[in-house]
Amino acid sequence: MKSYLAAAIQLTSVPDLHKNLAQAEELIELAVRQGAELVGLPENFSYMGEENDKLAQGDAIALESEKFLKKMAQRFQITILGGSFPVPVDNTGKVYNTTLLIDPSGQELARYYKVHLFDVNVPDGNTYRESSTVVAGTQLPPVYFSEKLGNLGLSICYDVRFPELYRHLADKGADIIFIPAAFTAFTGKDHWQVLLQARAIENTAYVIAPAQTGNNYGRRLTHGHAVIIDPWGVILADAGEKPGIAIAEIKPTRLEQVRRQMPSLQHRVF
Ligand SMILES: O=C(O)CNC(=O)[C@H](CS)NC(=O)CCC(=O)C(=O)O
């Protein structure tokens, strides 16, 4: 593994596929100009909208999103995580909430279907029933072993509340964990940063957390603050509340140092 720059992209995705891809492309290009070699996009980067509209356009969103990711990876010679997008599941009328990791040649390296679905009545009055349109994945997420970039672990958004999933990634050797999200503004203000720092600290791993921000549609407000966190839990970059990027250096020497200073992964009893 070498030292390199990684970027977490922050978007306000809306119910307009092509507009979202154009916004994403601009920010990917900005990250690449600043030297990023690994770039992550947030959950539902290509479409945020009413569940029924998302389903109705499911095939087009899935196809265009995957094509877009491959095109960006090849054009800019980067490894890219397509935070998530819906992929229709045969004979169900539903989709998998899917994240894809693509290499600079456009090859798919890893794929994960979100396991934990956000079926929550948020105390601000908004109700979420992700399971009404999404089929839960049944497999733990993969770790992709990259000689250059380190071992890259995948996850999506609400997963962040389930530490056992990240222990699995740590057991598999994850050095860098992706947590792309569309966190609600209401839960995000109290939970987002704390949960992300906890996952970084307890697994002594970098966390790259691309995010949705602002008013995506209707009353849907997302928290923003795409961040990159180091294995000690320090926030290296924070995109704030507007669309933009968080960019920071990923360093193998820092990983080794923190794992020497705090060898908690080696002290596990259970
Ligand atoms: O709504 C959409 O259009 C797209 N889907 C999402 O944003 C997903 C599923 S509803 N959001 C989350 O998982 C938020 C989790 C969260 O906010 C928390 O854990 O507090």
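Everything numeric here is computed off the predicted structure, so don't read it as measured data. One is the number of the first residue; the rest follow in order along the sequence. One-based numbering, in listed order, for ligands and for the atoms of each. Every heavy atom of this structure was used, including side-chain atoms; hydrogens, water molecules and symmetry mates were not.
Both F145 and L38 are part of a single hydrophobic cluster, where members link through side-chain heavy atoms under 4.5 Å apart.
A salt bridge between D159 and R199 is absent, with no side-chain N of the basic residue lying under 4.0 Å from a carboxylate O of the acidic one.
Here's the thing with N44: one of its N/O atoms is less than 3.5 angstrom from an N/O atom of ligand 1.
In this structure, atom 10 (S) of ligand 1 lies nearest to the protein heavy atom F118 CD2, 3.7 Å. Distance from atom 3 (O) of ligand 1 to its nearest protein heavy atom, with residue and atom name: Y217 OH, 3.4 Å. If you check which protein heavy atom lies closest to atom 17 (O) of ligand 1, you get T184 N, 3.0 Å. Ranking protein heavy atoms by distance to atom 13 (O) of ligand 1, first place goes to K114 NZ, 2.9 Å. Counting only heavy atoms of the protein, atom 19 (O) of ligand 1 lies nearest to R161 NE, 2.7 Å. The shortest contact between atom 14 (C) of ligand 1 and any protein heavy atom is with C157 SG, 3.4 Å.
For K114 and Y112, the positive end is not near the middle of the six-membered ring at less than 6.0 Å and at most 45° from its axis.
Within ligand 1, the atoms closer than 4.0 Å to a non-hydrogen atom of M48 are 2 (C), 3 (O), 4 (C), numbered from 1 in the order shown. In the vicinity of A182, heavy-atom distances shorter than 4.0 Å reach the ligand 1 atoms 7 (O), 11 (N), 14 (C). Atoms of ligand 1 lying under 4.0 Å from any heavy atom of T187, numbered from 1 in the order shown and given with element: 16 (C), 17 (O), 18 (C), 20 (O). Near E130, meaning under 4.0 Å from any of its heavy atoms, are these atoms of ligand 1: 9 (C). Within the listing of ligand 1, atoms 13 (O), 19 (O) sit less than 4.0 angstrom from a heavy atom of Y158.
If you look at R220 next to ligand 1, the close heavy atoms, those under 4.0 Å, all belong to the side chain. In E43, the part holding a heavy atom less than 4.0 Å from any atom of ligand 1 is the side chain.
A donor-acceptor pair is defined here as one N or O able to donate and one able to accept, closer than 3.5 Å; no such pair exists between the side chain of N216 and the backbone of L221. A donor-acceptor pair is defined here as one N or O able to donate and one able to accept, closer than 3.5 Å; such a pair exists between the side chain of Q212 and the backbone of E43.
Residues F162 and Y158 place their aromatic rings such that the two centres sit under 6.0 Å apart.
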Salt bridge (charged side-chain N to carboxylate O under 4.0 Å, His left out) evaluation trace for E256 with R260: CA-CA 6 Å; E256 283 153 24; R260 215 171 35 243; 5.3 Å; no
Intermediate values then yes/no, side-chain hydrogen bond (donor to acceptor under 3.5 Å, both in side chains), Q193 and H225: CA-CA 8 Å; Q193 189 179 314; H225 294 283; over 6 Å; no
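Relative ring orientation between Y96 and Y113 is described as parallel, the plane-to-plane angle staying below 30° on a 0-90° scale split at 30° and 60°.
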